[in-house]
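Here the structure comes first, spelled out in structure tokens, and everything after it is commentary.
Below, chains carry the letters A, B, ... as their sequence lines are ordered, and counting in each starts from 1.
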Amino acid sequence: MKDEILVVKNVNNFFGRKQVLKNVSFSLSSGRITGLVGANGAGKTTIMKTILSLTPYAGQIMFEGQPSTFNDHPLLNDIGALIEYPSIYPFMTGMEHLRLFARGKVQSTGIQSLIHMLNMEGYINSAARGYSLGMRQKLGVAMAFVNNPKLVILDEPMNGLDPQSNKELRDLIIDQRNRGVSFLISSHILSELQKLAEDLIIVDQGKVVRQTTMKNLLEANNHFIVLNTSDDKKAQEILIAAGYYLVSGEKVRIKTDANFDIAEILTNLISENIAVHDVKHEDEDLEGSVLELLNTAN
Amino acid sequence: MWTLYKQEVYKLIKKKSTLWITAILILTEIGAATISHLWPKTLPAQMMFVSDFHSAILVVFFSLAIAASTITMEFQYGTIKTVLAQKYSREYVLISKWLLMLTYTLYLYVMTMVMALFLKLVLVNGQFSLVEKGWKHQFWQDWLAAMGAHFITLWVLISLVLLIATAFKTSSVAISVGIIGYFVLNLTSAALFSVIAKYPWLKWNPLNFLNYDHQIVAEEFSKFTKLTDNQLLLGDIGYIALFLLIGILIFRKRSV
Ligand SMILES: Nc1ncnc2c1ncn2[C@@H]1O[C@H](COP(=O)(O)OP(=O)(O)OP(=O)(O)O)[C@@H](O)[C@H]1O
Ligand SMILES: [Mg+2]
């Protein structure tokens, strides 16, 4: 059995009369990066706030086998988080933020290397009121890591980051993951999440509709073979006649599953004197599969 | 708990206003003492010394403002999420803020009182003596008692402001209530006392307990408040505890 760092069981959450989380259950595997995906208002932030005891809830939460409740939550010693937008006191510098929340044993070398990895040296000692959106975001991320947490929860961490910062953040996350840190990350930028997440939780209207691995989800995806031939029109006719499923359009785009045989396709065409100049593979990405999943869920 | 308290102190020290407040208080005292030094007849020093050379009222305003902002800034900046996403319980988070306010108000009182003593010795030493007869005991004893009563009364307002800040998350409402509470009392005390004369049970209302610092200085006040000094003291402590407790109850289940 795989090691579970966090187990959430039958969590329900209300804002006034409105039920925001409906029997939410999932678990996070230790040392893995889990992506939390869903439409606006699906309940991603609320799930994260629930784990952090920022909002009252009914249900069970276990961290490394220990139960946690809204009022008694020692687990938070081992969790770092950035929720919604970064928590920043404008009158303090970035460094002062990190010092403020760093607990006794945290060495300043740890803080330094964090600053270095996120490339924040240029402004870490100036007052946060002058920070740009991306600078604030990076400070928020750094604060989530400052106490060497076992689990890091990041809500839309790529918000406002430029491509360079994005890569720095990704490198930091992967570096920490390789040291055994577990992650729960929500993001709307699915192409970014696809580069990071190993597991996926998909939520819709307050419910978990699917918990799976990235690999499984993508494998179940559609694959396409795109051919560039001497006569695309004729090639399409031949392949349809041979029983292949083609996507309509100018190009010869064949929908296949994972275990197709390219040789068979080529033989079909060559025997009809059609030259094949180029063969390309196309895979549907995470965005495609998530959209498809959410559409079928509704 | 100690960690939370240290975090609160750290934040307070990093605020620029903390430094200004001390500077403004000291300058006010120096100003008032200097004026009394120059015109002792028109502005006798002994009267001013009782209010720490006019800094006591400023201490009230500053304390109320800091009390409100220590709570509401966390909501305003969204930092409440980071503060609460630590292992400590909600109760401890709030208590650490009360302790910060306790430390801070004690600091302001001690600082302004030490400064007042210093200025008396340096600028207006000849005008009065600390060991002469005050209104009850020796003057210095009465001064300490007045300061103590002032402190307790201020804390009734502070606990109310902390409660309102917790409930409404906005500084302006909380500070207004505190400052208005302070002034309303002075403006409406005549009306309040006539109502109390008619309906004696109304003497238990919190506004009446804000008269503690007045009554300590002027004994005849007890004819109007219908309460003894000790009743006022215990009542004040009771109201402080009540307001703080309601604050905890509101904060315990709040979603942030
Ligand atoms: N303070 C609140 N009061 C009332 N309803 C709320 C509150 N916060 C969130 N909700 C509701 O809870 C639901 C889930 O919100 P949540 O913020 O968890 O969504 P999300 O998945 O994080 O969305 P997004 O992608 O936009 O960040 C929404 O329908 C929202 O209307
Ligand atoms: Mg959200």
Within a radius of less than 6.0 Å around [atom1] of [X], do more than 12 heavy atoms belonging to other residues, nucleotides or ligands occur?
| X | atom1 | value |
| --- | --- | --- |
| A:K22 | NZ | yes |
| A:F70 | CZ | yes |
| A:K207 | NZ | no |
| B:L19 | CG | no |
| A:F14 | CZ | yes |

With chain A, which of [options] has the greatest number of heavy-atom pairs at distances under 4.5 Å?
| options | result |
| --- | --- |
| B:Q7, B:K81, B:K6 | B:K81 |
| B:K16, B:K11, B:K87 | B:K87 |
| B:K253, B:Q86, B:E91 | B:Q86 |

**Item:** Contact winner vs chain B - A:N71, A:D72, A:L54, heavy-atom pairs under 4.5 Å
**Value:**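 Between A:N71, A:D72, A:L54, the count favours A:L54.
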
**Message:** To the closest 0.5 Å, what do you measure between CG (A:L52) and OG1 (B:T82)?
**Reply:**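 A:L52 atom CG to B:T82 atom OG1 measures 9.5 Å (nearest 0.5 Å).
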
**Euclidean distance, A:H97 NE2 relative to B:T79 OG1, rounded to 0.5 Å** =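 It comes to 7.5 Å.
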
**Asked** Mind checking which of residues 75-93 of chain A sit less than 4.5 Å from chain B, heavy atom to heavy atom?
**Response**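 A:L76, A:N77, A:I83, A:E84, A:Y85, A:P86, A:S87, A:I88, A:Y89, A:P90, A:F91, A:M92, listed by number.
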
**Asked** When only heavy atoms count and the cut-off is under 4.5 Å, which of residues 119-135 of chain A reach chain B?
**Response**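 Listed by number: none.
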
**Prompt:** Relative to chain A, which segment of B:Q76 carries a heavy atom at a distance below 4.5 Å: side chain, backbone, both, or neither?
**Reply:**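 Interface part for B:Q76: neither.
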
**Asked** What part of B:R254 is in contact with chain A, defined as an atom under 4.5 angstrom from a non-hydrogen atom: side chain, backbone, both or neither?
**Response**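 Interface part for B:R254: backbone (N, CA, C, O).
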
